[in-house]
Number of protein chains: 2
Amino acid sequence: MLDLNSILLKLRKNGLRVTPQRCAILEHLIGNKNHPPAEAIYEEVKKRYPMMSLSTVYNTLDALLAIGEIQELLLEDKRIRFDPDPSPHHHFQCLKCGKVKDIFREIDIPRDKIDENRIESWRVYFYGTCSDCL
Amino acid sequence: MLDLNSILLKLRKNGLRVTPQRCAILEHLIGNKNHPPAEAIYEEVKKRYPMMSLSTVYNTLDALLAIGEIQELLLEDKRIRFDPDPSPHHHFQCLKCGKVKDIFREIDIPRDKIDENRIESWRVYFYGTCSDCL
DNA sequence: GTACTTGCAAACAGTTTGCATAGGC
DNA sequence: GCCTATGCAAACTGTTTGCAAGTAC
């Protein structure tokens with residue numbers, strides 16, 4: 001998820017419409033490193049666009065998932081978080097403050113098969129204490 | 001989670017009581033490779049112990065988590081699953097049939113720090129097509 | 001104008017909680 | 001006998017759905 005215009009184009013290319021609500025959510029997500037859950041996106045975007053509804057947030061997130069512009073994270077706090085960087089990378093959650101960070105260090109993952117199961121994707125979640133809390 | 005008696009001992013050692021319900025749940029979990037969610041455990045155990053209630057299942061799972069005899073899994077189907085093997089290993093979920101398998105192959109994970117964050121644990125989730133569905 | 005999208009409320013799934021009763025130790 | 005555990009129901013959280021009205025194209 002790099003710039004607004006290319007995403008708007010991609011939405012249109014997929015028969016999805018560009019609405020002010022979707023633009024507001026996109027503006028809030030682009031470059032966002034907080035890995036927010038839907039509720040947090042809703043609360044933030046509502047400050048500037050008070051007409052925003054929570055189901056529109058979910059609707060938009062679904063659309064962005066479908067066109068591969070964001071990814072979902074399933075962390076130990078058991079709420080779905082959204083990452084505006086859909087590229088394969090890993091995640092770390094601080095067990096003290098709850099913060100989620102991107103981890104770009106390469107991990108040697110088997111890319112093909114394990115025990116006769118075909119691997120198509122994988123996720124690595126790290127837990128511990130973040131640099132700020134140490 | 002190996003044999004019933006050692007777990008019962010561990011429960012008592014931690015001030016937790018041994019009840020018929022807990023024994024029934026333990027018997028169902030020991031050696032279970034299905035990574036069931038709470039609801040499935042409830043349905044299965046109720047067949048033989050019709051007095052079982054869902055909150056007792058959750059209560060017992062909480063107790064077993066607290067003494068480190070099971071672990072929780074957070075997979076792409078977004079329901080919490082339980083693994084009666086608390087030792088660190090990885091998991092694979094088939095995107096076709098939903099089956100979850102244990103992966104014991106070693107993955108080279110940084111054991112200490114990444115980007116100044118102290119790593120205390122990690123989870124690797126693989127997704128793809130399982131050997132049965134291929 | 002035709003769909004797709006919105007926003008509200010209501011439904012839903014999974015989990016947690018409150019509380020009177022039962023029962024392990 | 002004390003105190004934790006049970007079982008029921010009700011509350012709760014996060015997410016999804018139904019639908020009439022609005023709007024991008």
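Each chain gets a letter, A, B and so on, in the order the sequences are listed, and its residues count up from 1. Everything numeric in this text was worked out from a predicted model, so none of it was measured. What's counted below: heavy atoms across the whole structure, side chains too, no hydrogens, waters or symmetry copies.
- Ring-plane geometry between A:His91 and A:Tyr125 is classed as tilted, the angle between the planes lying from 30 to 60 degrees on a 0 to 90 degree scale.
- Remark: C1' of D:dA5 and CD1 of B:Ile25 are 11 Å apart, rounded to the nearest angstrom.
- The distance between atom CD of A:Glu39 and atom P of D:dC12, rounded to the nearest whole Å, is 16 Å.
- Residue B:Arg12 has its side chain nearest to C:dC25 when only D:dC25, C:dC25, C:dC8 are considered.
- A:Leu11 has its CG atom 12 Å from the C1' atom of C:dT5, to the nearest Å.
- In this structure, CD in A:Glu69 is found 8.5 Å from CD1 in A:Ile30, a value given to the nearest 0.5 Å.
- In the hydrophobic clustering of ILVMFWY residues, with side-chain heavy atoms under 4.5 Å counting as a link, B:Val45 and B:Leu65 come out together.
- Each of B:Asp62 and A:Asn59 lies near DNA chain C, and the nucleotide nearest A:Asn59 is the one positioned closer to the 5' end.
- Side chains of B:Ser131 and B:Lys101: a donor-acceptor N/O pair is present below 3.5 angstrom, by distance only.
- In this structure, the OH atom of A:Tyr58 is 19 Å from the P atom of C:dT5, given to the nearest Å.
- B:Ile80 has its CD1 atom 15 Å from the P atom of D:dT13, to the nearest Å.
- Across the protein-nucleic acid pair, A:Tyr42 atom OH and D:dT15 atom P stand 14 Å apart, rounded to whole Å.
- Relative ring orientation between A:Phe126 and B:Trp122 is described as tilted, the plane-to-plane angle lying within the 30° to 60° band.
- The CD-C1' distance, from B:Glu72 to C:dT15, rounds to 11 Å in whole Å.
- A:Leu61 has its CG atom 14 Å from the P atom of C:dT5, to the nearest Å.
- Remark on the helix from C:dG1-D:dC25 to C:dC25-D:dG1: inter-end axis angle 40°, axes from five-pair C1' superpositions, rounded to 10°.
- Residues from residues 14-23 of chain A that place a heavy atom under 4.0 Å from any atom of DNA chain C, listed by number: A:Leu16, A:Arg17, A:Thr19, A:Gln21, A:Arg22.
- In the set C:dT15, D:dT15, D:dG7, the nucleotide with an atom closest to the side chain of B:Ala38 is C:dT15.
- Ion pairing of A:Arg79 with A:Glu39 is absent here, as no side-chain N (NZ or NE/NH1/NH2) approaches a carboxylate O to less than 4.0 Å.
- Atom NZ of B:Lys96 has 12 or fewer neighbouring heavy atoms from other residues, nucleotides or ligands inside a 6.0 Å radius.
- Minimum atom distance to the side chain of A:Ser55 is reached by D:dT17, of the listed D:dT6, C:dT6, D:dT17.
- A single hydrophobic cluster is seen to contain both A:Val18 and A:Leu4, as judged by linkage of ILVMFWY side chains at heavy-atom distances under 4.5 Å, directly or through other members.
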